[in-house]
There are 2 protein chains.
Amino acid sequence: MTDTAPRPTLEAVAARAGVSRATASRVVNGGDGVREPLVARVRRAVEELGYVPNQAARSLVTKRHDAVAVVIAEPETRVFADPFFALQLRGISKELTAHDNQLVLLLVEGRDDHARVGRYLAGGHVDGALVFSLHLDDPLPGLIQHAGVPTVFGGRPDWSGGRSEALYVDCDNREGAREAVRHLTGLGRTRIAHITGPLDQTSAADRLDGFRDMMADADPQLVVESDFTPAGGERAMRELLERRPDLDAVFAANDLTAAGALRVLRESGRRVPEDVAVIGFDDVLPVAEQTEPPLTTVRQDIEEMGRLMARLLLRRLGHRAVAEDAEGAPSSVVLPTTLVRRASA
Amino acid sequence: MTDTAPRPTLEAVAARAGVSRATASRVVNGGDGVREPLVARVRRAVEELGYVPNQAARSLVTKRHDAVAVVIAEPETRVFADPFFALQLRGISKELTAHDNQLVLLLVEGRDDHARVGRYLAGGHVDGALVFSLHLDDPLPGLIQHAGVPTVFGGRPDWSGGRSEALYVDCDNREGAREAVRHLTGLGRTRIAHITGPLDQTSAADRLDGFRDMMADADPQLVVESDFTPAGGERAMRELLERRPDLDAVFAANDLTAAGALRVLRESGRRVPEDVAVIGFDDVLPVAEQTEPPLTTVRQDIEEMGRLMARLLLRRLGHRAVAEDAEGAPSSVVLPTTLVRRASA
DNA sequence: ACGGGCCCTGTGAGCGCTCTCACCTCCCCG
DNA sequence: CGGGGAGGTGAGAGCGCTCACAGGGCCCGT
């Protein structure tokens with residue numbers, strides 16, 4: 001089956017163009033230092049033969065793979081409900097594609113899987129890795145560190161102390177949260193609740209910190225931990241309503257959670273935003289625009305974050321075309337957030 | 001930077017174990033035909049040295065890559081709103097991982113991108129491809145055909161005539177649609193509307209066919225084309241309500257569309273399911289369970305479909321471990337659907 | 001007790017590419 | 001008009017692995 005004729009080699013191209021393999025190679029790799037007539041002849045031979053370089057052979061000698069692994073460590077919960085990763089992936093894909101790098105997707109499914117991923121990364125199959133969604137106790141960073149694979153993290157990784165040189169791209173979760181609360185207080189709300197994300201993730205923890213920055217002496221009852229899912233949002237909202245039926249605003253740690261909260265509020269007969277103002281985080285369009293009422297939320301440019309992650313990694317890997325538009329050593333990036341006003345607050 | 005010590009080679013392992021490179025290789029690849037004491041010695045050497053085979057060198061001689069491309073050709077619309085692809089990806093990832101294959105993700109972003117993908121596939125970087133979401137006029141199948149890359153499609157590809165040997169995995173869209181309508185008529189509904197998906201996709205077309213099978217002489221006004229998105233669902237529902245305010249049921253081509261329709265119905269003051277029964281398709285949990293009311297829908301096992309696609313491809317590629325549990329030539333698979341009753345119909 | 005065969009192990013070639021280095025051509029300057 | 005140098009090109013090695021094949025030990029049959 002699939003008995004494709006053997007693909008032409010550089011040798012064949014060289015022969016057809018009447019040059020040496022070395023010259024053919026030079027042309028294929030940009031053609032610097034080869035005189036014009038030869039360049040043209042080789043190019044034509046490539047064309048006619050439909051030559052495509054054998055990446056394996058090339059990697060064998062260059063030790064580069066032009067491939068980057070994307071590690072997503074949390075398929076259970078978020079990935080499939082939240083367009084968040086999909087958007088980042090898209091940004092990453094665009095950037096990698098633009099620089100002729102491949103995207104190898106590694107979905108980590110469970111505890112044992114970490115070992116597999118570690119082995120893979122250590123195996124030197126890819127030039128670098130883009131890693132997402134680390135929980136506090138995640139063994140992955142350690143493994144990666146050990147593997148010595150250049151890495152950029154999506155979201156500030158949490159490793160209290162040490163290894164602070166890790167590169168990451170994040171949005172300013174803390175300031176975004178402050179902005180949300182500021183908006184709520186600006187609306188005259190005083191009994192503002194916060195439904196957090198899983199606090200073993202820095203994004204959730206940072207947002208909580210931002211909330212506390214503004215609400216230092218609020219009733220601790222007004223904060224309840226959740227998990228970034230709609231169902232979790234519902235649960236948290238019910239809990240909140242029970243504890244403090246008089247609350248007049250809710251800052252949910254992400255849009256999905258807000259959607260769940262909104263539903264419970266409606267059930268309970270509250271009007272949004274009249275009785276309770278609700279604000280989310282992320283501005284994931286299909287969610288934020290489709291809630292009832294449409295969600296006021298803190299926007300982060302997710303796709304751009306993906307793009308930046310890829311760009312950072314490529315620079316870290318010394319990719320020429322990427323390095324030129326930015327000098328100096330690559331460093332982590334924290335993007336600003338913006339408040340998007342819709343109807344819910 | 002990242003000046004990792006050079007990774008050990010097979011040569012090093014062989015030396016340490018006191019055997020030849022060939023024997024070391026045999027052990028690394030399963031150890032058949034090597035006597036026990038040697039196997040153990042080599043294994044230990046591998047362990048101690050932390051040896052990982054160089055995939056590039058291996059591929060260079062075997063011409064296998066143990067990597068499969070996943071091509072998703074529609075990032076604009078669905079991928080990011082619909083957990084559909086994410087779920088399939090997960091199934092695919094699990095299956096590939098189980099057989100030590102890598103997943104190379106190719107997101108196709110536009111017209112020009114097709115060429116890039118075609119080139120990549122033709123380049124022989126991967127052993128096979130899993131391709132999603134083909135529109136009628138998609139050039140991709142042609143390119144792939146041309147590239148001679150073993151491929152399995154997600155969803156029945158549409159190429160009227162020819163190339164019918166193409167492998168695919170799909171659910172029984174037509175029968176699923178019939179089942180939906182059957183349920184609705186069973187509820188005593190007679191003025192049943194259908195909001196389709198984009199009709200240049202076979203899944204949408206097949207569902208429409210199924211609808212027509214049951215509603216042969218329905219008012220053609222009751223069918224309106226949409227695009228599988230919530231916003232599209234809203235638009236379609238409004239249109240429908242204008243055309244036939246007396247409709248008493250809606251079969252939406254997917255859950256997202258149904259969610260949009262539900263919202264418009266509520267706005268218009270209709271009660272669901274009392275005034276209008278609504279049924280979706282897919283049973284994408286975060287959507288179907290979270291609508292108001294929860295959505296009755298036609299379930300397809302999306303993750304399983306992904307798993308099957310991968311398995312089919314692996315068999316097609318002659319993967320031993322996969323071939324054993326199924327005899328004969330691999331053939332396309334059409335999975336049954338099941339009706340999931342919730343509150344909306 | 002001896003030869004044939006089988007099983008196991010090692011040797012060597014070569015996958016397709018890049019890269020170093022030597023060589024050769026031409027140009028320019030003295 | 002000749003020599004030095006720069007720029008262009010080619011030869012050859014070798015990346016790390018697998019695979020065909022050769023060769024050597026051991027067991028069995030007679």
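Here is the naming used below: chain letters follow the sequence lines, and residue numbers restart at 1 for every chain.
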> What pairs with B:Asp113 under salt bridge (Lys or Arg N to Asp or Glu O under 4.0 Å), at least two apart in sequence or on another chain?
Replying inline: B:Arg116

> For B:Glu48, what residues pass the salt bridge (Lys or Arg N to Asp or Glu O under 4.0 Å) criterion, not counting sequence neighbours?
Replying inline: B:Arg16, B:Arg44

Would you mind writing out the side-chain donor-acceptor pairs for residues 50-59 of chain A within the sub-3.5 Å range, not counting sequence neighbours?
| unit_1 | atom_1 | unit_2 | atom_2 | d |
| --- | --- | --- | --- | --- |
| A:Asn54 | OD1 | A:Ala56 | N | 2.8 |
| A:Asn54 | OD1 | A:Ala57 | N | 3.0 |
| A:Gln55 | NE2 | A:Ser59 | OG | 3.1 |
| A:Arg58 | NH2 | A:Asn29 | OD1 | 3.4 |
| A:Ser59 | OG | A:Gln55 | O | 3.0 |
| A:Ser59 | OG | A:Arg64 | O | 2.9 |

> Axis-to-axis angle across the helix from C:dA1-D:dT30 to C:dG30-D:dC1, five pairs an end, to 10 degrees?
Replying inline: 40°

> Just by protein heavy atoms under 4.0 Å, how would nucleotides 9-20 of chain C read 5' to 3' in B, S and -?
Replying inline: BBBBB-BBBBB-

> Which residues pass the side-chain contact (heavy atoms from CB on, under 4.5 Å) test with B:Arg21, sequence neighbours left out?
Replying inline: B:Leu10, B:Glu11

> Listed by chain and number, what are the side-chain contact (heavy atoms from CB on, under 4.5 Å) partners of B:Val61, not counting sequence neighbours?
Replying inline: none

> Which residues satisfy the ring-ring contact (aromatic ring centres under 6.0 Å, His included) test with B:His125, sequence neighbours excluded?
Replying inline: B:Tyr120

> Residues in ring-ring contact (aromatic ring centres under 6.0 Å, His included) with A:His65, at least two apart?
Replying inline: none

